[in-house]
Every structure is written in structure tokens, then in C-alpha cells.
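First the structure, in the form of C-alpha cells, and then the observations on it.
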Amino acid sequence: MKTGLAVLAALALGVTALPADAAPKRIVIVRHGEKLSPASLCGLGKERAQALADQYLSPTDPMSLIAKDPPAAILAITLHTLETARPIAKAWGMEIATNKLMLTPIHNNRHDNALINTQNRKVVADLLENPRWHGTTVVMVWEHFHIASEALEKEFAGEQVTLRQLLKLDQVKGVPGGVPKTWPDDNYNFFWILDYDSPTATIPSRFHMVRQYFKPPHDNLPSNDWGAPEGRPANSGCT
């Protein structure tokens, strides 16, 4: 199954879609795998990427979150997220449109964060306005500061910079304690799943978190509690 490459290419180039009733049925958000450096994932992160493709985001595995609801697109935003998304896209026979943020290492500084902020806004605007996404499932492999970070939101006060802000997750009802304001540094092992009841919706009707518990041969991957240390092996080489 091939994704809409023309639409994704337009998104990568920052072309704004025409406003329409277009909210997807579901958005599945997952953080990229563990890092070796600004340029690549470590061995643990690469294994997590493959494990996602083999199990939770597989087209065939019984534990897949999306096997019965094939994604319309698998989106990425930076080099780490692209490396994580590639095995998933390969499993589905899909391609990922690239943007300039995926072609060079990104650092956690104001300049690079501002670049990601801009792309974040473009992606969300397209998801909620482009009719191609109406009724679909979209997988977003993302960078955790730009999923949810209270610190980033304060640094860019007055702007919409995180998915939590842009997708209005603070307004989702029925979430005990509310949607977390920050995605913890040590958590690589959760999904955020957003469901929309209507294509005209601007706020998800439901939000829930799914913890990754991989089965063999990937059952060595850390699965720490939300906000708890990852507990990765000392010799993992991950930063």
C-alpha cells in the first residue's frame, strides 16, 4: 500500500492545504528510539524501531495497534524520527516524505527548536485541514520535546509549539489528571493515541496512553513506568 506521496511532499515543503473538514479518525503518536548521537540512534533505539515495525505498528502481528486500520501515512519530523519510522514504513510498503530537518542532526537549542516549531505547526494544520486525512489513521513518529514539554512552551511563550498545544490536548475531557504537560526524557516506551468522533472536530474526543511491552525476540527492550528511569544497560552506548 502506497501513501499519498504528492500530499506528503507538499507537507514537507510547507505548502498549506485548503481549509476543509478533515480531522483524521485516529492519530497514533510515538517517540523515536533511544539515541547514540545527534545523527543516529543507538543499538537499543534501532532495535526499538524494528520492534515497533514487527509488533505494535506491524501490518500483520496480532498485537498491532493498526493492523486492522492501515495508516494513511507514517510521518516523521527529524533525523532520529525518520530513522525510527523507516522500518515501520518498510513493513507497510510505504514511503516517508522528507523535509530539511531530517537531513541534518538537530540539537536542543533555541535555533533548532524554532525550526521544529515551524514544521510542527505546518504538520498539524495539514492534518486538521486537508480532506485527505478525513476518517484515516495517521502515525506520527515524533521528537518528545515537540510532543509535550512545559519547558519548551515557556521558552516560546505566546506561540503554539508542541503537539499538546497544537492538537488542544489540554482540552480533552475524561483524562484523569489531564494529558501530561511534559513527555519525560527517559520514556521511549509509550504511545499517545488520539481519537476524533467527527471530521469537523478540533479537539480529540478521547486520549489514552499505551505502554510498550514487547514479546520475544524484543522483550529485552526497557518498559519503564511513566516518569521513571529507563534502566537501560550500562554498556548500551545510548546517550
Side-chain angles (χ1 to χ4, degrees), residues 11-12 14 27-42 44-46 48-49 52 74-85 88 96 98-127 138-172 175 177-194 204 207 209-212 222 224-230 232 238-239:
L11 174 60
I27 299 175
V28 179
I29 302 170
V30 61
R31 183 184 178 181
H32 62 73
E34 292 88 337
K35 299 174 291 183
L36 172 66
S37 70
S40 66
L41 302 179
C42 63
L44 200 64
K46 292 177 180 179
R48 189 177 295 277
L52 290 169
I74 298 166
L75 305 180
I77 193 168
T78 61
L79 196 56
H80 290 133
T81 66
L82 178 62
E83 187 175 3
T84 304
I88 304 164
I96 301 169
T98 59
N99 64 65
K100 63 182 180 181
L101 297 176
M102 300 182 196
L103 306 179
T104 184
I106 293 293
H107 298 84
N108 185 21
N109 58 45
R110 186 174 178 86
H111 174 268
D112 287 1
N113 280 331
L115 294 176
I116 303 176
N117 294 347
T118 299
Q119 187 66 12
N120 229 19
R121 288 189 285 267
K122 290 176 181 177
V123 170
V124 172
D126 188 78
L127 282 175
V138 175
V139 175
M140 301 180 73
V141 185
W142 234 241
E143 194 278 325
H144 77 299
F145 286 133
H146 289 83
I147 299 174
S149 170
E150 197 168 12
L152 187 71
E153 291 176 6
K154 287 180 179 178
E155 182 181 2
F156 291 90
E159 299 183 38
Q160 299 284 296
V161 297
T162 63
L163 294 184
R164 189 179 189 279
Q165 290 176 315
L166 292 161
L167 294 169
K168 301 181 180 179
L169 302 189
D170 61 325
Q171 299 180 45
V172 180
V175 182
V179 174
K181 294 181 180 180
T182 293
W183 189 296
D185 289 344
D186 269 2
N187 282 113
Y188 293 83
N189 59 313
F190 280 83
F191 298 94
W192 281 11
I193 300 178
L194 319 178
F207 166 91
M209 296 170 61
V210 174
R211 185 171 173 176
Q212 299 170 13
N224 44 312
D225 291 335
W226 186 255
E230 185 176 34
R232 66 180 66 140
C238 304
T239 58

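From a predicted model like this one, the values you see are computed outputs, not experimental measurements.
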Please name all residues satisfying side-chain contact (heavy atoms from CB on, under 4.5 Å) with [X], sequence neighbours left out, ordered by chain then number.
{"X": "Glu83", "answer": "Ser40, Leu41, Lys46"}
{"X": "Leu101", "answer": "Ile77, Asn99, Ile106, Leu115, Ile116, Gln119"}
{"X": "Pro180", "answer": "Trp192, Phe207, Met209, Trp226"}
{"X": "Pro105", "answer": "Pro38, Ala39, Leu79, His107"}

Measure the [atom1]-[atom2] distance between [X] and [Y] for me, rounded to the nearest 0.5 Å.
{"X": "Ile27", "Y": "Leu163", "atom1": "CD1", "atom2": "CG", "result": "8.5 Å"}
{"X": "Asp112", "Y": "Thr104", "atom1": "CG", "atom2": "OG1", "result": "8.0 Å"}
{"X": "Ile74", "Y": "Thr81", "atom1": "CD1", "atom2": "OG1", "result": "12.0 Å"}
{"X": "Leu36", "Y": "Leu44", "atom1": "CG", "atom2": "CG", "result": "11.5 Å"}
{"X": "Asn109", "Y": "Asn113", "atom1": "CG", "atom2": "CG", "result": "6.5 Å"}
{"X": "Arg110", "Y": "Glu155", "atom1": "CZ", "atom2": "CD", "result": "5.0 Å"}

**OP:** Report the C-alpha separation of Leu52 and Val141 in whole Å, then their side-chain angles, then the decisive distance to 0.1 Å, and conclude whether the side chain to side chain contact (heavy atoms under 4.5 Å, CB included) test is met.
**Re:** CA-CA 11 Å; Leu52 290 169; Val141 185; over 6 Å; no
Original post:
Between Arg164 (side chain) and Val179 (backbone), is there a donor-acceptor pair under 3.5 Å?
Top reply: yes
**OP:** Look only at the side chain of Arg121 and the backbone of Leu166, and say whether a donor-acceptor pair between them is shorter than 3.5 Å.
**Re:** no
Quick one: closest heavy-atom pair of [X] and [Y], and the distance?
{"X": "Pro204", "Y": "Leu169", "result": "CG-CD2, 3.8 Å"}
{"X": "Asn224", "Y": "Ala228", "result": "ND2-O, 2.8 Å"}
{"X": "Leu152", "Y": "Phe145", "result": "CD2-O, 3.4 Å"}
{"X": "Asn187", "Y": "Gly227", "result": "OD1-N, 2.7 Å"}
{"X": "Pro229", "Y": "Asp186", "result": "CA-OD2, 3.1 Å"}

Subject >> Qualifying side-chain hydrogen bond (donor to acceptor under 3.5 Å, both in side chains) pairs, either residue in residues 139-151, two or more places apart >> reply: Arg31-His144, Asn117-His146, Asn120-Trp142, Glu143-His146, His144-Asp185
Go through the structure and list residues passing side-chain hydrogen bond (donor to acceptor under 3.5 Å, both in side chains) with [X], not counting sequence neighbours.
{"X": "Glu230", "value": "Arg232"}
{"X": "Asp170", "value": "none"}
{"X": "Thr162", "value": "Glu153"}
{"X": "Gln165", "value": "none"}

Subject >> Residue list, ring-ring contact (aromatic ring centres under 6.0 Å, His included) with His32, at least two apart or on another chain >> reply: His80
Subject >> Which residues share a ring-ring contact (aromatic ring centres under 6.0 Å, His included) with Phe191, sequence neighbours left out >> reply: Tyr56
